[in-house]
Participant: 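Below is the structure I would like to discuss, written out as structure tokens.
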Number of protein chains: 2
Amino acid sequence: MSAKNSDEISLDKLIEPSLLLLVQKKPSHGYELIQNFNCLNPEEEVEPGTIYRHLRKMEKKGFLESSWKTSESGPARRLYNITGEGMKALDNAVVKIEQQKQELEHFLAVYREQDKQGGNLDEA
Amino acid sequence: MSAKNSDEISLDKLIEPSLLLLVQKKPSHGYELIQNFNCLNPEEEVEPGTIYRHLRKMEKKGFLESSWKTSESGPARRLYNITGEGMKALDNAVVKIEQQKQELEHFLAVYREQDKQGGNLDEA
DNA sequence: CTATCTAGGTGCATGTTGCACATAGGTAAA
DNA sequence: TTTACCTATGTGCAACATGCACCTAGATAG
């Protein structure tokens, strides 16, 4: 997360936590997760390729398990399930997210404090 | 920000916004900013090399200006000042940070909602 | 037969990071 | 003097992540 574009200060996107959360709610395949992710985080556009790669990565790490399912209509799907390790990872991620939320709040507090003092005089 | 370590779900570190904020407060050189950054964000350890590279990058983008200062003691320092563009960038970053804070809160809300329902039964 | 949607992926160029190392001025101790 | 350490700024390289474009392939609609 971070600044990928040329003149952008990038903050993170909750890709892996969101995927774990969605799969925990309901076992799903990648294509479905892409759509639900874009519904859950409408602000952040994420490439399909990125999602698929994260899913494979999390499977390698043991957070997800997958199996191929053929349905009546359409091509086969790789169905993901969350593992015990994955649930632990999600809980750990939640702790980090709470922590990061506090860091953001701390930053904003410092910013506003500083703004109050040396701040922009246009509003005077 | 993102997952750099092998089994870590990385959220961002407010490197560039923090540097802009610190330089806005007081024109500084890199080494000083590294220490103040680690004081401002004690949770996040950041490599000196990373800080220096962000400073040069932000200078290229026009958010900072630098000039060499020799002092009575020690080697020369590159002193950074924030520009008008840099202040705009900081304000934009603040908007994004507020937005991201809301995304984190939204994620946490969904997580807790889901936990309440299908959640872990250990606590029952 | 062609276009389109679903579904899952890969190749390559680019950008970012961690780690180690290089350079260099100054200071204090052995 | 030589050694060691602190200040101060950076680079080289390997590893990793992403955006963009592209590929495969089943099914379905025209």
Side-chain angles (χ1 to χ4, degrees), chain A residues 1-19 22-23 27-39 41 44-61 64-80, chain B residues 1-19 22-23 27-39 41 44-61 64-80:
Chain A
M1 127 133 11
S2 315
K4 268 66 209 183
N5 243 335
S6 55
D7 56 14
E8 268 277 337
I9 295 170
S10 131
L11 315 175
D12 234 329
K13 318 165 192 179
L14 299 167
I15 299 179
E16 299 199 359
S18 295
L19 292 175
L22 288 167
V23 174
S28 314
H29 58 281
Y31 193 83
E32 187 182 17
L33 288 166
I34 288 162
Q35 321 203 317
N36 289 338
F37 178 87
N38 289 329
C39 166
N41 292 27
E44 321 267 15
E45 284 295 306
V46 177
E47 294 287 314
T50 303
I51 301 275
Y52 285 119
R53 281 189 272 227
H54 276 284
L55 290 170
R56 307 307 303 276
K57 196 177 98 187
M58 288 198 287
E59 187 174 16
K60 263 185 212 144
K61 290 200 267 183
L64 297 174
E65 282 169 350
S66 76
S67 57
W68 285 98
K69 298 287 172 196
T70 57
S71 75
E72 325 80 24
S73 72
R77 302 161 170 186
R78 188 188 282 277
L79 191 72
Y80 283 98
Chain B
M1 149 187 168
S2 314
K4 266 66 208 185
N5 244 333
S6 56
D7 55 15
E8 269 276 338
I9 295 168
S10 133
L11 316 174
D12 233 329
K13 318 166 190 178
L14 300 166
I15 299 179
E16 297 199 0
S18 297
L19 292 176
L22 288 167
V23 174
S28 314
H29 59 281
Y31 192 82
E32 186 181 18
L33 288 166
I34 288 163
Q35 321 204 317
N36 290 338
F37 179 86
N38 288 329
C39 166
N41 293 27
E44 321 265 16
E45 283 295 306
V46 177
E47 294 287 314
T50 303
I51 301 277
Y52 285 117
R53 279 190 273 225
H54 276 284
L55 289 170
R56 306 307 301 278
K57 197 176 97 187
M58 289 197 288
E59 187 173 15
K60 261 184 212 145
K61 288 200 269 183
L64 296 175
E65 282 169 349
S66 76
S67 56
W68 285 99
K69 298 288 172 193
T70 57
S71 73
E72 326 80 24
S73 72
R77 302 161 170 185
R78 188 188 282 277
L79 190 73
Y80 283 98

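Protein chains get the first letters and strands the later ones, always in sequence-line order, with residue 1 at the start of each.
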Participant: B:Glu47 has an atom CD; how far is it from atom C1' of D:dT11, in whole Å?
Facilitator: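 In whole Å, D:dT11 C1' and B:Glu47 CD are 14 Å from each other.
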Participant: Of all residues at least two apart in sequence or in a different chain, which pass the side-chain contact (heavy atoms from CB on, under 4.5 Å) check with A:Thr70?
Facilitator: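 A:Thr70 satisfies side-chain contact (heavy atoms from CB on, under 4.5 Å) with A:Ala76 only.
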Participant: Rounding to an integer number of Å, can you tell me how far A:Leu19 CG sits from D:dA17 P?
Facilitator: 15 Å
Participant: Residues in side-chain contact (heavy atoms from CB on, under 4.5 Å) with A:Ser67, at least two apart?
Facilitator: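 Expected list: A:Lys69, A:Leu79.
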Participant: For B:Arg53, check salt bridge (Lys or Arg N to Asp or Glu O under 4.0 Å) against everything at least two apart and list the hits.
Facilitator: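 Expected list: none.
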Participant: Can you tell me if the side-chain N/O atoms of A:Arg56 get under 4.0 Å from OP1 or OP2 in C:dG9?
Facilitator: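 Looking at the OP1 and OP2 atoms of C:dG9, one of them is under 4.0 Å from a side-chain N or O of A:Arg56.
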Participant: Within the pair A:Thr50 and D:dG19, is there a side-chain N or O less than 4.0 Å away from OP1 or OP2?
Facilitator: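 Checking A:Thr50 against D:dG19: at least one side-chain N or O falls below 4.0 Å of OP1 or OP2.
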Participant: Whole angstroms only, please: what is the CD1-P distance between A:Ile34 and D:dT18?
Facilitator: 14 Å
Participant: Among all residues two or more places apart in sequence or in another chain, which pass the side-chain hydrogen bond (donor to acceptor under 3.5 Å, both in side chains) test with B:Ser28?
Facilitator: none
Participant: Does a side-chain N or O from A:Lys57 land closer than 4.0 Å to OP1 or OP2 of D:dA17, or not?
Facilitator: yes
Participant: Would one find a side-chain N or O of B:Lys69 under 4.0 angstrom from OP1 or OP2 of C:dG25?
Facilitator: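 For C:dG25, OP1/OP2 do not have a side-chain N/O of B:Lys69 under 4.0 Å.
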Participant: Paired stems touching DNA chain C, three or more consecutive Watson-Crick or G-U pairs with both distances under 3.5 Å?
Facilitator: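 Detected stem regions: C:1-30 with D:1-30.
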Participant: Identify all pairs in which a protein N or O lies below 3.5 Å from an N or O of nucleotides 5-8 of chain D, and state each distance.
Facilitator:
residue: D:dT7; atom: OP2; partner: B:Tyr31; partner atom: OH; Å: 2.9
residue: D:dA8; atom: OP1; partner: B:Arg77; partner atom: NE; Å: 2.5
residue: D:dA8; atom: OP1; partner: B:Arg77; partner atom: NH2; Å: 2.1

Participant: Can you check the A:Arg53 CZ to D:dC22 C1' distance for me, whole Å?
Facilitator: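 In whole Å, D:dC22 C1' lies 12 Å from A:Arg53 CZ.
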Participant: Round to a whole Å and report the spacing from OH of A:Tyr80 to C1' of C:dG9.
Facilitator: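 For the pair A:Tyr80 OH and C:dG9 C1', the rounded distance is 10 Å.
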Participant: Just the rounded figure in Å: distance from C1' of C:dG15 to NE2 of B:His54.
Facilitator: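 These atoms are roughly 11 Å apart.
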Participant: For A:Tyr31, what residues pass the side-chain contact (heavy atoms from CB on, under 4.5 Å) criterion, not counting sequence neighbours?
Facilitator: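 A:Tyr31 satisfies side-chain contact (heavy atoms from CB on, under 4.5 Å) with A:His29, A:Gln35, A:Tyr52 once adjacent residues are dropped.
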Participant: Using the side-chain hydrogen bond (donor to acceptor under 3.5 Å, both in side chains) criterion, which residues pair with B:Arg77? Sequence neighbours excluded.
Facilitator: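 In terms of side-chain hydrogen bond (donor to acceptor under 3.5 Å, both in side chains), with neighbours along the sequence ignored, B:Arg77 is linked to no residue.
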Participant: If I compare all heavy atoms of B:Leu55 with all of B:Leu19, which pair ends up nearest, and what's the gap?
Facilitator: CD2-CD1, 4.0 Å
Participant: How long is the line joining CG of A:Leu33 and P of C:dT6, in whole Å?
Facilitator: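 About 15 Å, once rounded to whole Å.
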Participant: Kindly give the heavy-atom pair with the smallest separation between A:Asn38 and A:Val46, and that separation in Å.
Facilitator: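 A:Asn38 and A:Val46 have their closest heavy atoms at OD1-N, 4.1 Å.
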Participant: Find the distance B:Lys13:NZ to D:dA17:P and express it as a whole number of Å.
Facilitator: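 Atom-to-atom, B:Lys13 to D:dA17, this comes out as 13 Å.
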Participant: Just to verify, what does B:Asn41 make a side-chain contact (heavy atoms from CB on, under 4.5 Å) with, not counting sequence neighbours?
Facilitator: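 Partners of B:Asn41 under the side-chain contact (heavy atoms from CB on, under 4.5 Å) test: B:Leu14, B:Ser18, B:Phe37, B:Glu44.
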